[in-house]
Every structure is written in structure tokens, then in C-alpha cells.
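Reckoned from all heavy atoms, side chains included, excluding hydrogens, waters and symmetry mates. Lettering of chains follows the sequences in order, A, B, ..., and the numbering in each one begins at 1.
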Amino acid sequence: MLEPKFIRTNPDAVRQGMINQKSDTIHLDDFLSADESWRKALIEVDKLKALRNDVSEKISQMKRAKEDASAEIERMREVSEQIKVLDAEVKVFEDKMQSALLMIPNMPDSSVPVGFNDEGNIVVKTWGEPKEFDFQPLPHWDLAAKLGMIDFERGAKITGSGFILYTKWGAKLERSLINWMLDLHTSKHGYTEVFTPILANRNSMTGTGQIPKLEFDMYRLPEDDLFLIPTAETTLTNIYSQEILDSSDLPIYFTAYSPCFRREAGAAGKDTRGLLRVHEFNKVEMVKYVHPEKSWDELESLTENAEDVLEGLGLAYRRLTLDTGDISFASAKTYDLEIWAPGVGKWLEVSSCSNCTDFQARRAGIRFRREQGAKPEFVHTLNGSGVALPRLVVAIMENYQQPDGSIIVPEVIRSYMGTDVIR
RNA sequence: GGAGAGGUGGCUGAGUGGUCGAAAGCGGCGGUCUCGAAAACCGUUGUGGCGCUUGCGUCACCGUGGGUUCGAAUCCCACCCUCUCCGCCA
């Protein structure tokens, strides 16, 4: 969330940021009006509490001196009644402020292009060339059927559509990619590997910004008020919630594999065939906690770490800077990475790398001290997929397919797969 | 799931209705001493909100949320978490 003081003193800038992001500015108006009433009531009730503290001490002294304090007690009875009423009022305004605050998105960085939906996204980098074929490349679902790598029908039977049953080489490819990516990030890029819970509570979900806005896009367990994580960003970023770190702890780099769950209401239909859009998928995630002044450099290196995965696998990709209308709620700036899939003839998003600045840190209470005795400051948090599996698998299958329907295994994962070719 | 114990500041730990934002110890920081260090001694050392102002005032915070009371770390209720034992179990 944004700093209340900042919103109070820069309402116009916040409003413009929200408009650029297609956010409903009603939340800003709600905040501003609740904030004003809140401060008015707060000043009043604080005065009464000061009086009560004062007289209470006097009562205590009188009692010890065995004097009669009943007049003071009687007076304070009334004051306490007023405090009770005012406290309730303060709480109402506070709740209003808080819920409005939780719906105000991060401010897009000034380098982010203004645009609605994704029409303002800019390709800022390309690597490799979309592969040319001297035969008609098949989509991955045909290859998967031929090679027995994925059983879409039985996955749907077990759970529902969008839940994938990987079989034989399909299952092993999934595991090999996860292992290789984790090894790459830990050994080459300096990340610490962790394995987090897959369920997270409401507090954690609010900390990273999924709640309240996206509560109903998530699978949830109402009995326990728990949620299946849509990304390990949620759990990784909450590792240090409500803590004050030492400056020397930073930067902290975490990487984790996790399954990810997304309900995405109304997802069925076009562009959802095969592995393109599923409800449960695997992903290796990267999260950074950094000094505020370093976060923009850290976004570049984070994105390069994700690109290294694609380059290692020899997959042509492009990097996009997302526009204000396409950027996520918590992000100040986001790069998407897309890889070319010749079978379906599409660029597929496999990674989204974001600098969330202090937005999540403020929500989740993640701070650090520059030195002994210094005031705590909010860290900056970043997250990026490194990378998401299903579309990566699509691109590998479709790019490395041979005329006979077999698939050459990219060199970097051959030792994990134990084979050079899937047939 | 059942029974019990417990959650207090960076840590250990005292505090069962009023002078308690909280003893004491450890740790940290500053100083005295010393060529320097250690020891010893002295001082200092939580977070956030609001208001005026850059220094002060004030409020809140002892797991979380309610309640009782003139007054709650302390009493009552609910919930969460940790530990021990039992049950179940990969």
C-alpha cells in the first residue's frame, strides 16, 4: 500500500496513477474523506484520554492517602463514556481508511508507458530468432498425445479441466526442468533455495496484495480461511513479514519451486487449449528483498536471471515493458518475458518480473535498519518467475520437435532427463 | 482430535488492579580508565499514530480481538501460536 501521508499530501498524483491503471478512484475518495474524519475524531479522543490518564493518577494518589476520590471517579465515569463513543467512531473511520487503502494500487514508475490493457506494452529486447521449420510443426497437444507425455482427459477426470496429468517423459521433463532451474538460480545467480507451504493465510495474502482485490480468483478453504497460493511470491515475500532486518542481511535472494493455483473465473474457451492456460501449474519463483536505492538495478538483474533460463534452453524470447494498464496491482514496473511457440504460432508469457518497491513491504511490515539505532525503513521487494513450467514445456516440445514426431532434449537438461531424445 | 503448561522489549526473565512503557541480567551504543584491548565503573538503548514543530507535547502498543473497571501487562470471554503427554498418521 501507499503511505497514508503521501496520499494525503499528493492526492492528485495518486489519482492520476490510478486512472492510468484503470483503477476505480472511488477508493481514493473514500480514503481521503475517512482520513479527514478520522484525524478529527482522533485528536478529540486523545485529549480525553490525556485527561483520564491525568485524573487516574490523581485518584490513585488520593486512594493511597486514604482520601475520598468519589467525585473524581464520578467525573471520569462520564469521560470514559465519551471515550468509548469516540473510540468506536475512530475505529469506524480507521476501518474505512484501511479498506480503501488496501484497494489503492502501487504507483507506476515514471518510466512505465501509459496505456490501456496491453496496447502500450513495448518490446524492449529480443533474443534469438523464431525457429523456421521445413515441415509443418505440430502443436504440443498433438506431440504429447503421440509421445504419451500428457493425459489431458484423465487429468480432467481426476480433478477437472485445466488440471494436468503428466505421464512418462512428460512427468520427467517437468521434474527435470524444475531441478535444473533451481540449480541454475542457486549455483549461478546466488539465490537461496527454500520450499514454502502451498497454503497461506489471509494475512499473508493481504501482505502481498492478492487480497482484497483478487480473493475470488484464488482457490480457498473457507473452513480454515486458507488459500492455495497463486504463486510462491506470496509465501516467499511473507517470510520476513512483520520483521526488522539488519542492513547487512540485504540483499536477500530466495528461489523456490511451488505448484500455483488459479481459478481465473471464465477462463475456458479460446487460447486455453492444451497447456496454454491451466488452473494448476508448476513454477520456479525468485523473490528479492533489497535496499530501496538498489531496487531498479535489482529488477534488471532479476529479469536477466529469468532470461538466462530461456537462453540456456535455446528458446527465442522477447522482453516487454508492461504499460500502466497491464501492470499488476502491487508493481511499480514489470517486464514480461515471452517465448515463441511455433506449433501454436504464438508468443507465450513465461515470466513476469516486477519491482514492487515498498508497496508490499509496507503492507506486510518488512523493514530494515541501516545501522544500529537508525529508524527502521521499508525494504523493496521484487519477484519474478524463473520460469513458469507449462508454457516452457510447450515451447520446448514445439521448438525441438522433429519430422518423425520425436523431441530433441535441450542439452542443459539431458543429464536430468537421462536421454537425448523423447520418442 | 483429547489433556496440561505457556506467549512480556534484540535475548533471558520479573511483574496478578493504580507512581508500569514495564524490574533485573545479557547484548548493543557512548564515555571514564588504558599505549591499545579486556575487566570494572558511569550513561544510554523499543515501535507506531496524531498535533504543533524539527524539538517538544500527546495517544496507543506486554500473542490477536472483544469485555469488566474511574483506572488493565495484571480480572473475564473468544480466537491464534508454541511446548509436553496421549490418540491418529505419510
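- Taking atom C1' on both B:G1 and B:G87, the two are 7 Å apart, rounded to the nearest angstrom.
- Counting atom types as modelled, A:R77 pairs no side-chain N or O with a base atom of B:U69 as donor and acceptor under 3.5 Å.
- The residue A:R75 sits apart from the nucleic acid: no heavy atom pair falls under 4.0 Å.
- B:G13 sits 26 Å from B:C85 when the C1' atoms are compared, rounded to a whole Å.
- If you check distances only, the side chain of A:N53 never reaches the base of B:G71 with a donor-acceptor pair under 3.5 Å.
- Residue A:S80 places at least one side-chain N or O under 4.0 Å from the OP1 or OP2 atom of B:G71.
- B:U12 is paired with B:A24 under the Watson-Crick or G-U wobble criterion, all donor-acceptor distances under 3.5 Å.
- Rounded to whole Å, the separation between the P atoms of B:G49 and B:A39 comes to 38 Å.
- Under a 3.5 Å cut-off, the side chain of A:S99 and the backbone N or O of A:D95 do form a donor-acceptor pair.
- Listed nucleotides: B:G18, B:U58, B:G49. Nearest to the side chain of A:R64: B:G18.
- Spacing between B:U69 and B:C79 at atom C1', rounded to whole Å, works out to 24 Å.
- Regarding contacts with the backbone of B:U69, every side-chain N or O of A:K84 stays at 4.0 angstrom or more from both OP1 and OP2.
- Using a 4.0 Å cut-off between charged side-chain N and carboxylate O, A:K58 and A:E72 make a salt bridge.
- Across the protein-nucleic acid pair, A:E67 atom CD and B:G18 atom P stand 19 Å apart, rounded to whole Å.
- Of all nucleotides present, only B:C81 satisfies the Watson-Crick or G-U wobble test against B:G6, with each distance under 3.5 Å.
- Between the P atoms of B:G46 and B:A37, the separation comes to 27 Å (whole Å).
- Between A:R369 atom CZ and B:G10 atom P there is a gap of 8 Å when expressed in whole angstrom units.
- Within the 4.5 Å cutoff, side-chain heavy atoms of A:L302 are placed close to those of A:M286.
- Atom CZ in A:R39 sits roughly 10 Å away from atom C1' in B:G51 (whole-Å rounding).
- For A:K47 and B:C50, the NZ to P distance is 16 Å, given to the nearest whole Å.
- The separation between A:E377 atom CD and B:U47 atom C1' is 15 Å, rounded to whole Å.
- When Watson-Crick and G-U wobble pairs are counted only if both distances are under 3.5 Å, B:U68 pairs with no nucleotide at all.
- As a whole-Å value, the separation of A:L51 CG from B:U58 C1' is 13 Å.
- Counting non-hydrogen atoms under 4.0 angstrom, A:K40 reaches nothing in the nucleic acid.
- For the pair A:K63 and A:M76, both in contact range of RNA chain B, the more 5′-proximal nearest nucleotide belongs to A:K63.
- Not a single donor-acceptor pair under 3.5 Å links the side chain of A:E285 to the backbone N or O of A:A256.
- Using a 4.0 Å heavy-atom cutoff across all strands shown, A:I59 reaches at least one base atom of the nucleic acid.
- With a cut-off of 3.5 Å on both pairing distances, B:A39 has no Watson-Crick or G-U wobble partner at all.
- A gap of 25 Å separates the C1' atoms of B:C50 and B:U45, to the nearest Å.
- The minimum heavy-atom distance linking A:S241 with A:I366 is given by the pair CA-CG1, 3.8 Å.
- For the pair A:R39 and A:E89, the salt-bridge criterion is not met [side-chain N within less than 4.0 Å of a carboxylate O].
- At a threshold of 4.0 angstrom between heavy atoms, the contacts of A:K58 with the nucleic acid are absent.
- Straight-line distance from the CZ atom of A:R52 to the P atom of B:U58: 16 Å, rounded to whole Å.
- Rounded to whole Å, the distance from CD on A:Q82 to C1' on B:U69 is 17 Å.
- For the P atom pair drawn from B:G9 and B:G63, the interatomic distance equals 8 Å after rounding to whole Å.
- A gap of 14 Å separates the P atoms of B:A23 and B:G15, to the nearest Å.
- Comparing A:Q61 and A:K49 by the nucleotide of RNA chain B whose heavy atom lies nearest to each, the residue mapping closer to the 5' end is A:Q61.
- Taking the side chain as every heavy atom from C-beta outward, A:F6 and A:M107 approach each other to under 4.5 Å.
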